[in-house]
Amino acid sequence: MGLKTLLKSGFTLEIYFYKNNRAAFLAMFLWPYLMLTLILGMGHLFGSPSAFRQNVRMDVDPVVYYVASTLIAMSALSVMWGVGGSILWYKWSGTLPYMLLSPNRMSTTLVFSFIPRYMLGVLIQLAEFAPLIMLIEGVSNGLVKIGILALAATVGMIPLLGFSALFASFLITIEEETNVLSWLNPLILLFSGAFYPAYLLPYWARLISQILPTTYTVELARLAAIVGAPPLAPITFFIGVLLGIALVYNSLAYLLVGYGEKKAMEKGAI
Amino acid sequence: MSLGEEGVERTIIVKNLVKNYTTYLRKGLLKREKKVVHALKGISFDVRKGEVFGLLGPNGAGKTTTVKILSTLLLPDGGEARVLGYDVVKEAAKVRKVIGVSLSVEKGFFWKLTGRENLTYFGMLYGLNGEYLRNKVEELLELVGLKQLEVADKLYEEYSLGMKARLSLARALLIDPQVVILDEPTLGLDPPSARMLREMLVRIAHEDGKTVLVTTHNMFEAEMVCDRVAIINEGEIIALDTVERLKQRVADSVSLEIFAFLPAGIPQETIVLKLKEATGYPSSIFAENGGYRVKVVVPPGEAGEATSKALRVLHEHKCSVRRVEIKEPTLEDVFIKLTGKTGF
């Protein structure tokens with residue numbers, strides 16, 4: 001069966017879900033601004049926008065910076081929860097065996113059924129933040145930045161899919177009933193510099209940040225927050241790094257998820 | 001697909017299938033003890049095209065393990081299983097394209113989606129789309145009666161168990177499979193829903209020519225719907241034949257059934273044990289209509305003596321006897337005779 005069909009089924013599931021869950025639909029709209037307001041509010045408690053610029057050593061607008069960070073952080077969390085944690089959701093609802101009966105590998109089904117949910121979430125967040133960014137940066141500059149953020153969220157998702165699929169297979173292999181990622185997510189975001197620049201972290205933490213795909217997505221998003229036109233060379237560089245990391249993580253995931261799937265089927269965990 | 005000894009097409013072939021589970025028992029905070037459970041001890045059987053084949057056995061006998069292996073969701077430790085000629089381990093993807101599966105009637109769907117939406121989603125996941133999918137969903141909703149009940153557009157979370165079972169069967173038929181595998185499809189259903197489902201299984205096999213493998217621990221159900229039955233107990237198949245032929249194995253027996261109320265505080269196991277001691281034959285006990293149905297399978301010539309012995313035991317234990325019957329043997333009696341067990 002084609003991947004297109006898997007994507008289509010995932011998209012259909014999302015549409016049905018939100019159609020029948022108006023509160024969840026509303027929350028999806030409100031959540032990005034709630035998170036942004038909280039972060040900005042806390043930021044103002046600790047200092048002014050000029051103090052912020054001094055601290056991050058870049059000419060960035062704090063609002064645009066945190067819009068970018070919020071979008072990337074929420075997108076990263078969404079991938080890690082959506083792919084890594086979906087296996088538990090399917091297991092608890094009893095749908096896991098029926099998902100796996102589709103003529104695809106477990107990892108393919110998990111990853112590709114999730115992509116529509118992710119893209120829908122990112123699109124809605126971008127559409128929500130677009131007026132705010134254009135208000136601060138002007139229409140043309142704002143559109144460029146929204147484009148970079150869309151690129152960061154899309155390219156940044158690719159390595160995270162493999163990264164999260166590894167956790168999914170780990171969860172099903174060890175028959176764990178809690179999402180290990182929920183403990184790791186805050187650390188991953190911290191080491192990636194989502195809310196605190198990575199270069200200000202201690203040396204050992206910076207080493208960890210180098211192997212996390214989210215680090216480069218955050219860097220890409222930060223470039224979008226620089227006042228004026230974003231520099232093209234570092235953007236190309238980070239996209240290259242993300243694609244390289246994607247190759248490593250996704251290849252690893254392809255091999256290890258297959259192994260995890262076999263182990264789970266041997267143990268009767270499905 | 002291959003031909004059996006009688007020249008009948010065999011859609012499912014199982015040879016010496018073995019499955020062991022390793023479990024760990026916690027012994028304190030850090031220690032744990034390894035325990036190996038032999039779920040299947042080399043079972044073999046085959047299922048013919050267009051028949052309803054029943055895998056009958058008590059809980060923990062190995063029925064679900066067999067079904068999961070045939071559904072490609074569990075890897076066996078040994079032996080071989082083929083569906084329409086495809087190996088369930090090496091050709092799992094091909095097997096999935098020809099089977100429809102229902103593993104549980106009470107879950108397995110998205111609670112916040114309607115019955116119709118759930119079917120549409122799973123249909124897409126299994127590769128169906130467009131007009132064909134829409135028509136198929138409509139056809140199946142009608143076939144299982146959810147359309148007639150006007151609940152196709154109700155959320156799954158509002159479904160009764162009977163409705164869930166119907167939807168589960170509909171999903172199993174989505175890809176128009178040649179082989180339908182159902183694990184305890186009527187478990188917990190009210191009698192009308194269970195009857196409707198049983199009738200449907202027979203129709204699917206006998207009219208549409210599909211092969212239906214159904215597991216159950218309900219012997220009445222097995223008698224009603226199955227063309228052939230394999231009795232599975234502790235991971236081994238102890239008998240395999242048509243229901244009629246299986247019943248002939250106990251044709252030299254009659255079933256003594258006593259309906260009684262047990263006083264509080266007397267365990268059922270005690271009654272079963274005492275009856276066996278007194279009559280010399282295995283007995284079983286089942287809860288029924290607020291009381292208990294006690295059953296002893298005995299040779300016809302000994303029915304009278306066994307009855308008086310059994311009544312004496314029940315009297316000694318202050319049980320209130322309401323009815324005594326002597327019946328022709330049933331599948332249940334076959335099981336009791338073959339296993340010496342007290343029933344399911």
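Labels below follow one simple rule: chain letters A, B, ... track the order of the sequence lines, proteins then strands, and each chain is numbered from 1. Please read these numbers as outputs of a predicted model, since none were measured by experiment. Any value given below was found using the heavy atoms of this structure, including those in side chains, with hydrogens, waters and symmetry copies removed.
- In terms of non-hydrogen atom pairs under 4.5 Å with chain A, the most contact-rich of N129(B), L155(B), L103(B) is L103(B).
- Summarising the geometry of L125(B) relative to S113(A), their closest heavy-atom pair is CD1-OG, 4.5 Å, with the distance given to 0.1 Å.
- Proximity to chain A (any heavy atom under 4.5 Å) is restricted, for Y21(B), to the side chain, taken from C-beta onward.
- Only the side chain of T120(B) comes within contact range of chain A, with at least one heavy atom under 4.5 Å from a heavy atom of that chain.
- How far NZ of K267(A) is from OG1 of T23(B): 11.5 Å, rounded to the nearest 0.5 Å.
- Summarising the geometry of L73(B) relative to P97(A), their closest heavy-atom pair is CD1-CB, 3.7 Å, with the distance given to 0.1 Å.
- Residues from residues 9-23 of chain A that place a non-hydrogen atom less than 4.5 Å from a non-hydrogen atom of chain B comprise S9(A), G10(A), T12(A), L13(A), Y16(A), F17(A), K19(A), N20(A), N21(A), given in numerical order.
- Evaluation of the salt bridge (charged side-chain N to carboxylate O under 4.0 Å, His left out) rule for E236(B) yields no partner, not counting sequence neighbours.
- Taking OG of S71(B) as the start and OH of Y98(A) as the end, the distance is 8.5 Å to the nearest 0.5 Å.
- Put simply, CG on L75(B) and CD on E266(A) are 5.5 Å apart, with the number rounded to the nearest 0.5 Å.
- No more than 12 heavy atoms of other residues, nucleotides or ligands lie within 6.0 Å of CD in E106(B), so this atom counts as exposed by the packing criterion.
- Atoms NZ and OH, on K8(A) and Y121(B) in that order, are 14.0 Å from each other to the nearest 0.5 Å.
- Of the atoms belonging to K68(B), it is side-chain heavy atoms, and not backbone ones, that fall under 4.5 Å from chain A.
- In terms of heavy-atom pairs under 4.5 angstrom with chain A, the leader among I69(B), T65(B), L113(B), N118(B) is L113(B).
- At a threshold of 4.5 Å between non-hydrogen side-chain atoms, the residues L101(A) and T72(B) count as touching.
- Taking K107(B), E117(B), K19(B), K112(B) one by one and counting their heavy-atom pairs under 4.5 Å with chain A, the maximum is reached by E117(B).
- The CZ atom of R96(B) sits 7.0 Å away from atom OG of S102(A), with the distance rounded to the nearest 0.5 Å.
- Residue contact with chain A, scored on non-hydrogen atoms closer than 4.5 Å, is absent for K94(B).
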